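From a predicted model like this one, the values you see are computed outputs, not experimental measurements. Counting starts at 1 for both ligands and their atoms, in listed order.
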Amino acid sequence: MNDVISATSDPRYAMRDRMAMYTGNSLKIGLFGANCSSGRAVTMVPERWTGNWEDNLALARIADDAGIEFMLPVGRWKGYGGDTDYMGTTLETITWATGLLASTKRLIVFGTVHAPLFHPLIAAKQFVTADQVGEGRFGLNIVVGWNEDEFQMFGVTQREHDARYDYAQDWIDAVKMAWGPEQDFDFDGQFIKLKKVRAKPKPFGGTRPLIMNAGASATGRAFAIRNCDAFFTQASRTSMAETAKIVQSAKDDARSQGRELDVYAVGVVTCKPTQKEAEEYYHYCTIDNADWSAVDGILGKKNISPATVGEEEFRRQRHHYAHGLGGLLMVGDPDQIAKQLAELSQAGLRGIGFSFVNYLKELPYFCDEVLPRLERMGVREKRR
Ligand SMILES: Cc1cc2nc3c(=O)[nH]c(=O)nc-3n(C[C@H](O)[C@H](O)[C@H](O)COP(=O)(O)O)c2cc1C
C-alpha cells in the first residue's frame, strides 16, 4: 500500500479507500474543469459554462447525489484571450474545493496546485484544512506549470522542463513530511530548506489526501509513478488495445517500485437522445461556434504552428484543441456513451474525468440515462 501514515491510522480511512474514492464502482467518474469560465469547451455558444460559484455549487450537489466520484479543477491563473477570454475567469482551486467539500457528502474534490507558486508548508496546511472539512475527501493534483505568461504574472522564472519535476519532488516530499507524524523536523532538500517545522493538524483519519499528476513527458510520467496514487494520461483515440497497453505499462512500472497506481483518462462528452442530435450539437459548439482566436492563442503558447508541426498536423490539433483542449471525444446517444465508457473500464482505466459544454444542463441527462446503463453493464454499482 502507498505510504500510509501508520502512527495514527484509523482503519476506516485506509489509503486504499481513498484510492477507491469510497465507492465500489470499477469505473470512477469525475467532472473536469468546472472552476473555469467555458470549462474545457473553447466555444462562443451563449450557453457556455459560466464557471461561477453558484453554478459550481449546484453542479457539485447534483454530482454528489448522483454518486459521481470526483471533481477535478484546472489551475489556471490567466485566460487565453480570444473573443470569450477563454478560461479568463477562474475560481482558485483549494478554496473552491473547500467550499464544495463543506457542501457535499461523498464527492472527492481535488485542488490543482502549481508547486513552484505555493510555499509547501502553506500549501500542506491548506490541504489539511480542506481534508478536515471534507472528512478525508480532498485530493491533490500537482502541476509544475507550462504557461510562461502565468509565471511572468507572478514574477517567477520557470525552470527548464525536467528541473520543474526535480523541484516538485522536493515540494511533495516537504508536503508529505508536514502531513506525517513528525513533530519538529528540518527539511533539507535540493531546492527547499525548512527549519524546525511544526505542522498540525494532520490530514483526516490518519492517512493523507489522494495525490494525482498528469505529466505527459517521460519525466512527468516518472514523477507520477514515484509519487502519485492516480496518473491521468492520454488514452488512445483510436484503439482500446493501445489504451490497455498504456495503462498496463504505467501500472507495471509503479509495481516495480512497490507502488500501486490507478490510471485515469480525460475526455469531453456530448450526450443527446439520438446520435444525430449529439453530432449536430457537437458540430454547432466546437466547429461552427468555436472561439478560434482563443484556440489559436492556446496553440501559440504551446508552440504548435504549421512551421513546427506541419500543415496537416496543425489543422488536426487546431480542431482537437477546440473541443476541450484534447482528451477523448465521446459524442453519441446514451447507448454509445455507455459503451465507450465500459470499454475504457475494460481497458484497465480506473476512471475518467470529463467535461460538458454546460455541465449543469447536461449532467442530469447523463446521470439519468448513462449511469443506469453502466450499472447494467457491471462497471458501476446500483446507486444507493
Ligand atoms: C487531467 C489533466 C489536468 C491538468 N491540469 C493542469 C492544470 O490545471 N494546470 C496546468 O498548468 N497544467 C495542467 N495539466 C498539464 C499537466 O500537468 C502536464 O504539465 C502536461 O500534461 C505536460 O506534461 P509534462 O509536464 O510532463 O511535459 C493537466 C493535464 C491533464 C491531462
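Considering Lys301, Arg76, Lys302 in turn, Lys301 is the only one that fulfils the salt bridge (charged side-chain N to carboxylate O under 4.0 Å, His left out) rule with Asp149.
Atom OG1 of Thr274 is separated from atom CD of Glu280 by 7.5 Å, given to the nearest 0.5 angstrom.
Ile62 pairs by the side chain to side chain contact (heavy atoms under 4.5 Å, CB included) definition with Leu360, Leu363, Pro364, not counting sequence neighbours.
Between Phe154 and Trp77, the ring planes are perpendicular. Angles over 60° get that label, and only those under 30° would be called parallel. Taking the six-membered ring where the residue is Trp, Tyr80 and Trp146 present parallel rings, their angle staying beneath 30° rather than reaching 60°. A parallel orientation is assigned to the rings of Phe127 and Phe138, their planes being inclined by less than 30° (bins at 30° and 60°).
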Please produce the table of protein N or O atoms sitting under 3.5 Å from N or O atoms belonging to ligand 1, one pair a line, distance to 0.1 Å.
{"from": "ligand 1", "atom 1": "8 (O)", "to": "Gly75", "atom 2": "N", "distance (Å)": "2.6"}
{"from": "ligand 1", "atom 1": "9 (N)", "to": "Gly75", "atom 2": "O", "distance (Å)": "3.2"}
{"from": "ligand 1", "atom 1": "11 (O)", "to": "Arg76", "atom 2": "NH2", "distance (Å)": "3.1"}
{"from": "ligand 1", "atom 1": "11 (O)", "to": "His114", "atom 2": "NE2", "distance (Å)": "3.1"}
{"from": "ligand 1", "atom 1": "21 (O)", "to": "Ala214", "atom 2": "O", "distance (Å)": "2.9"}
{"from": "ligand 1", "atom 1": "23 (O)", "to": "Ala216", "atom 2": "N", "distance (Å)": "2.8"}
{"from": "ligand 1", "atom 1": "25 (O)", "to": "Tyr165", "atom 2": "OH", "distance (Å)": "2.6"}
{"from": "ligand 1", "atom 1": "26 (O)", "to": "Tyr165", "atom 2": "OH", "distance (Å)": "3.3"}
{"from": "ligand 1", "atom 1": "26 (O)", "to": "Ala216", "atom 2": "N", "distance (Å)": "3.0"}
{"from": "ligand 1", "atom 1": "26 (O)", "to": "Ser217", "atom 2": "N", "distance (Å)": "2.8"}
{"from": "ligand 1", "atom 1": "26 (O)", "to": "Ser217", "atom 2": "OG", "distance (Å)": "2.5"}
{"from": "ligand 1", "atom 1": "27 (O)", "to": "His161", "atom 2": "NE2", "distance (Å)": "2.7"}

